[in-house]
2 protein chains.
Amino acid sequence: MVEIYNMAGHLVRRLNQISVAVFADRMAAEGVELTPVQFAALSAIDARPGIAQAALAGAIAYDQTTLGGVIDRLEQKGFVAREVSPRDRRARVLTVTQAGQDLLARVRPVVRDLQGEILSGLDEDEKAQLLALLKKTTDAGNDKSRAPLTPRGGI
Amino acid sequence: MVEIYNMAGHLVRRLNQISVAVFADRMAAEGVELTPVQFAALSAIDARPGIAQAALAGAIAYDQTTLGGVIDRLEQKGFVAREVSPRDRRARVLTVTQAGQDLLARVRPVVRDLQGEILSGLDEDEKAQLLALLKKTTDAGNDKSRAPLTPRGGI
DNA sequence: TACTAATAATCAGCATACTTAATATATCGA
DNA sequence: TCGATATATTAAGTATGCTGATTATTAGTA
């Protein structure tokens, strides 16, 4: 018996891999090329049009440098437009293009639906319990992460 | 309110990032350079000396290609020895060196201890509940992963 | 035994995820 | 207003995590 099998870190890592694989399968079935990270970014930009990269990173708990690359790819695919902010020339202001909106409309129900498949083997009560516990501990551990959530533009 | 905040995929991703960050902090505090993935590999090789890379990948739910790179780094640091198997010249047989054993002895208690910090904000009952649910769903979803656990050398 | 299929490992390439450093721009205080 | 400081982004480098292809070797079969 390998000692790591019951460790939180190992189990969380595996569940994340399952989550990413389920997402990839569903997108492939939909004929869409979009990663979980790209979906989250696109969805968050749509919720806050004109947000800058740094604020977006805080809004969805991404590393700022990583996000730069993610936006590069979303821009290249034509789903996101990036412009220099008129109020702060350091910042890049993001908006979702029409193609991005269309894509979002199409994949949103798929993404919602696939969440249940990530937690396969659990009944509805157990899924709700697991989600509640995940929410509680990610909230409590937020500051430990290198990419914490900073909902309102930081402390 | 961004729509992803209550999705399983997003929460699992964040908890994994917290997990990795906690691990990195504790190792840094210990003065050791070791990633969670490297620890898992080292620990699993120690549990099954002479295991080949493919079997190891199945034993700890790693992608085989990824594992090659992980072993490269462990070998370079002198913690693992890699030799061509006498029974199957395609295979590379792995063992933990003395330096690897020493490192394991040193970090094992640290790794065990840090698991609690990954799930901060939960009381003992809640931690046990979360672990049980994680175990149940990773078990059920094992085959969905690109790197499933194959405990006894495959199906 | 020759042919074929399967397996172990590696390579090339792409996408996260992070660190440290550099560059450009803003802001604050003296 | 000048200078120190802080912030937004990008660049370079490392590590995981995957896909698809290639090579070497083994195993199974006609």
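Labels below follow one simple rule: chain letters A, B, ... track the order of the sequence lines, proteins then strands, and each chain is numbered from 1. Keep in mind that this is a model prediction, so the values were computed, not measured.
The side chain of Ala54(B) sits closest to dA8(C) out of dA8(C), dT9(D), dA15(D). Relative to the side chain of Gln17(A), the nucleotides dT16(C), dC18(D), dT16(D) differ in distance, and dC18(D) lies closest. Comparing dA8(D), dT16(D), dT10(C) by their nearest atom to the side chain of Val70(B) picks out dT16(D).
In this structure, the CZ atom of Arg73(B) is 11 Å from the C1' atom of dG17(D), given to the nearest Å. Rounded to whole Å, the distance from CG on Asp63(B) to P on dG13(C) is 18 Å. Straight-line distance from the CG atom of Asp88(A) to the P atom of dT9(D): 8 Å, rounded to whole Å. The distance between atom CG of Leu67(B) and atom C1' of dA9(C), rounded to the nearest whole Å, is 11 Å. Atom P of nucleotide dA15(C) and atom CG of Asp72(A) are separated by 10 Å, given to the nearest angstrom. Between the OH atom of Tyr62(B) and the C1' atom of dT16(D) there is a distance of 9 Å, given to the nearest Å. In this structure, CZ of Arg89(A) is placed 16 Å from P of dT10(D), rounded to the nearest angstrom. Taking atom CG on Leu94(A) and atom C1' on dT9(D), their separation rounds to 12 Å, with Å as the unit.
Side-chain atoms of Thr137(A) never come within 3.5 Å of backbone atoms of Leu134(A) as a donor-acceptor pair (strictly under, hydrogens ignored). A distance-only check finds no donor-acceptor pair linking the side chain of Gln115(B) to the backbone of Arg112(B) [under 3.5 Å].
A donor N or O paired with an acceptor N or O is found under 3.5 Å between the base of dT7(D) and the side-chain atoms of Arg90(A).
Within 4.0 Å (heavy atoms only), Ala147(A) reaches sugar-phosphate atoms of the nucleic acid but no base atom. Using a 4.0 Å heavy-atom criterion, one finds that Thr65(B) contacts the bases of the nucleic acid, with or without backbone contacts as well. Looking at heavy-atom distances under 4.0 Å, Thr35(A) makes contact with sugar-phosphate atoms alone, never a base. Counting non-hydrogen atoms under 4.0 angstrom, Ala52(A) reaches the backbone sugars and phosphates but no base. Counting any heavy atom pair closer than 4.0 Å across all strands shown, Val20(B) reaches no nucleic acid atom. Residue Gln64(B) is in base contact, counting any heavy-atom pair closer than 4.0 Å across all strands shown.
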Please lay out, stage by stage, how Gln98(A) and Asp102(A) fare under the test side chain to side chain donor-acceptor pair (under 3.5 Å). CA-CA 6 Å; Gln98(A) 187 57 54; Asp102(A) 295 348; 3.0 Å; yes
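By the neighbour-count criterion of 12 heavy atoms within 6.0 Å, atom CD of Gln101(A) is densely surrounded, having more than that number from other residues, nucleotides or ligands. Other residues, nucleotides and ligands contribute over 12 non-hydrogen atoms within 6.0 Å of the CD atom of Glu30(B).
Each of Gly68(A) and Pro36(B) was matched to the nucleotide of DNA chain D holding its nearest heavy atom; the match closer to the 5' end belongs to Gly68(A). Sequence order on DNA chain C of the closest nucleotides to Arg87(A) and Lys77(A) puts Lys77(A) first from the 5' end.
For Arg13(A), a side-chain nitrogen or oxygen approaches OP1 or OP2 of dG17(D) to under 4.0 Å. Taking 4.0 angstrom as the limit, Arg146(B) places none of its side-chain polar atoms (N or O) nearer than this to OP1 or OP2 of dG17(D). Within the structure, every side-chain polar atom (N or O) of Arg82(A) is placed at least 4.0 Å from both OP1 and OP2 of dT9(D).
In plain terms, the two heavy atoms of Lys144(A) and Ser120(B) that are nearest each other are CE-OG, 3.4 Å.
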